[in-house]
Amino acid sequence: MDVDALYQEIILDHYRNPRHKGLREPYEAQVHHVNPTCGDEVTLRVHVADGKVADVSYDSLGCSISQASASVLTELLIGKDLDAAMAVHNEFLALMQSKGQATPDEDVLEDAVAFAGVSKYPARIKCALLSWMAWKDATAQALVNGAQS
Amino acid sequence: MNGLLDLDKIRADFPILDRRLSGDRPLVYLDSANTSQKPQSVIDTISEHYALHNANVARAAHQLGEEATAAYEGARDKVAAFVNAPSRDGVIFTKNASEALNLVANVLTWAGDPYGIGPGDEVVITEMEHHSNIVPWQLACERRGATLRWFGITDEGRLDLSNIDDLITERTKVVAVTWVSNALGTINPVAEITRRAHEVGALVVVDASQSVPQMPVDLTALAADFVAFTGHKLCGPTGIGVLVAEPELLNQLPPFLGGGEMIEIVRMEGSTYAEAPHRFEAGTPPIAGAVGLGAAIDYLSGIGMDAVAAHEHAITGYALERLQSVEGVRILGPTENVDRGGAISFELGDIHPHDVGQVLDSYGIAVRGGHHCARPVHARFGVTASNRASFYLYTKPEEIDSLVEGLDAVKAYFARGL
């Protein structure tokens with residue numbers, strides 16, 4: 001298989017220069033997700049304000065795909081309305097489950113289109129989805145926590 | 001290189017080794033500690049079993065049933081002879097080594113005196129166990145109020161036996177230890193540990209999953225109480241594992257799974273149970289799996305386990321030397337080719353094992369990346385994961401060269417644009 005199709009330059013760039021990395025205040029929820037097969041880990045915080053994704057901060061250990069995916073996620077989602085952010089999440093999830101058959105919507109996914117090739121490698125899909133699943137989980141908790149406070 | 005088998009001859013027995021992968025690259029299979037490849041004789045035997053002899057065993061009074069039963073029980077005889085088991089009736093077929101270890105841990109959880117684990121008892125394992133020889137004991141200890149203790153690992157990757165007298169005591173009920181570490185490659189002094197454990201009256205459980213495929217073993221001489229291994233790592237099919245113990249011991253333990261074949265008489269009010277081995281083989285067993293395992297044992301016996309071990313030793317020595325010449329490689333486990341099996345886990349700089357494995361795969365090189373079901377070993381060495389190259393009787397020195405070239409390519413790839 002053509003490994004360059006997997007490791008797009010965009011992915012390698014985000015891997016080497018991760019955006020928005022590090023854990024920040026304030027946040028309404030923090031989650032810790034792991035990929036049990038390889039031990040990749042992400043701790044991710046979500047700050048929701050005025051119906052928007054005000055901040056996503058994270059600390060992670062893992063392969064280039066999982067690291068780059070977390071970085072791309074923060075670039076895409078920070079500042080978006082929650083509905084729009086969830087739509088991006090759903091689009092990314094659908095792309096990862098497409099077995100390489102989908103044509104990603106670049107207007108929605110921006111840099112995340114670079115992950116299209118990952119969907120052809122079943123062992124790596126979990127790596128790409130790790131931070132996205134963590135974000136969804138944290139956001140759900142943030143909404144509950146925010147409603148309570 | 002001394003000790004190598006006739007590789008052209010051996011490799012011709014394994015059809016998969018001729019496979020071309022995408023990009024028309026030859027397969028370089030360095031993942032045999034994960035599962036071994038299968039010789040044509042094993043594939044043919046399984047196929048022939050289904051084509052000509054298929055029937056259920058021990059419950060069909062017809063010709064095919066007799067043939068299938070003879071083949072299944074014949075496989076038990078072959079396994080017993082191959083490992084020099086104390087008795088063929090103490091050879092139990094399971095679905096894999098994990099099931100064999102879980103069988104032991106569960107029946108010792110349920111057994112009363114004198115074998116059962118009870119409150120205040122201690123179970124001793126090691127930090128270098130596969131998860132299959134950790135989790136069942138954690139469960140057993142939780143369920144019975146017993147305490148789990150373990151041997152640590154030295155910086156070199158050997159078992160730290162310096163506190164053996166503190167660990168193995170009158171309170172010790174079970175000592176469960178791996179013979180050869182699947183992650184570090186270390187060959188442990190299981191006979192010595194068995195002697196110490198028996199001195200205090202503890203039962204000894206040995207995970208032999210990585211030793212039975214690689215070296216001649218004599219389980220009667222070892223004298224451990226329970227020994228588990230799996231068929232698919234020794235040229236056999238998946239779905240067949242083995243537990244070896246003394247039938248006299250097995251017959252004093254409660255059953256594991258209930259069902260057909262494991263019973264003596266079933267009444268609505270209660271049942272009595274068969275003796276070993278059938279006592280622990282509820283339901284239709286993996287018949288074709290056992291027959292295939294028998295063929296694998298015939299194949300390996302034909303070559304000779306001394307010769308297999310010598311080959312593995314030679315290849316491991318060469319791989320240790322070549323890998324250490326690669327800048328950035330750090331080997332987890334013994335770097336000296338002494339008491340060492342053919343699995344080498346390593347890190348490559350700070351490049352994640354998934355990324356290393358992925359780029360190697362693009363060159364047709366199959367290694368494992370992850371924690372190899374031995375997370376505590378990785379934690380001990382301060383890493384979350386590693387790559388593992390592992391060898392078998394068909395591994396060529398040229399494949400080690402391919403791995404080394406592949407690692408240089410990995411480094412070049414991830415250095416790109418830095």
Side-chain angles (χ1 to χ4, degrees), chain A residues 1-19 21 32-43 58-72 96 99-100 111 114-131 134, chain B residues 20-25 27 31 34 130-131 134-135 183 332 345 347-388 406-407 409-418:
Chain A
M1 276 193 228
D2 179 12
V3 77
D4 289 333
L6 175 67
Y7 293 115
Q8 301 267 320
E9 274 306 324
I10 295 173
I11 292 178
L12 292 173
D13 178 53
H14 277 271
Y15 168 56
R16 294 181 185 120
N17 309 294
R19 327 289 203 262
K21 194 166 176 172
H32 181 71
H33 280 213
V34 299
N35 180 350
T37 57
C38 60
D40 285 359
E41 301 184 20
V42 64
T43 302
Y58 64 99
D59 192 20
S60 60
L61 275 175
C63 66
S64 58
I65 303 290
S66 72
Q67 303 277 32
S69 180
S71 172
V72 167
M96 286 303 101
K99 301 188 169 87
D111 272 7
F115 290 85
V118 177
S119 67
K120 282 183 269 186
Y121 294 84
R124 305 305 294 277
I125 294 169
K126 267 190 195 169
C127 309
L129 285 176
L130 183 67
S131 56
Chain B
R20 310 295 287 189
L21 298 175
S22 62
D24 198 33
R25 292 180 184 279
L27 168 66
D31 200 17
N34 208 347
H130 186 285
H131 295 166
I134 299 175
V135 182
L332 309 179
S345 294
E347 289 185 287
L348 182 63
D350 61 356
I351 306 172
H352 192 278
H354 266 176
D355 294 321
V356 174
Q358 195 85 58
V359 175
L360 289 177
D361 180 58
S362 73
Y363 291 94
I365 302 165
V367 298
R368 185 158 173 184
H371 52 46
H372 325 316
C373 300
R375 193 181 169 279
V377 171
H378 287 81
R380 162 65 179 81
F381 288 100
V383 297
T384 55
S386 65
N387 288 104
R388 182 184 68 188
L407 291 176
V410 171
K411 286 195 290 184
Y413 197 88
F414 284 97
R416 199 171 60 178
L418 274 174

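Chain letters run A, B, ... following the sequence lines, proteins first and then strands; every chain starts at 1. In this text the structure is predicted, and so the values were computed from the model without any measurement.
- Applying the side-chain hydrogen bond (donor to acceptor under 3.5 Å, both in side chains) criterion to Asn387(B), with sequence neighbours excluded, gives no partner residue.
- Side-chain N or O atoms of Ser64(A) include none that pairs as donor or acceptor with a backbone N or O of Tyr15(A) at under 3.5 Å.
- At a 4.5 Å heavy-atom cutoff, the contact between Asp40(A) and chain B is made by side-chain atoms alone.
- Heavy-atom distances place the backbone of Asp350(B), and not its side chain, under 4.5 Å from chain A.
- Of residues 364-378 of chain B, those residues with a non-hydrogen atom less than 4.5 Å from any non-hydrogen atom of chain A are, in numerical order, Gly370(B), His371(B), Arg375(B).
- Rounding to the nearest 0.5 Å places CG of Leu348(B) at 12.0 Å from OG of Ser386(B).
- A search for side chain to side chain contact (heavy atoms under 4.5 Å, CB included) contacts involving Ser71(A) returns His14(A), Pro18(A), Arg19(A), Tyr58(A), not counting sequence neighbours.
- To the nearest 0.5 Å, the span separating CD1 on Ile65(A) from CD1 on Ile125(A) amounts to 11.0 Å.
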message = Apply side-chain hydrogen bond (donor to acceptor under 3.5 Å, both in side chains) to residues Tyr7(A) and Asp355(B) and explain how you reach the verdict.
response = CA-CA 9 Å; Tyr7(A) 293 115; Asp355(B) 294 321; 2.8 Å; yes
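- With sequence neighbours left out, the salt bridge (Lys or Arg N to Asp or Glu O under 4.0 Å) criterion links Arg25(B) to no other residue.
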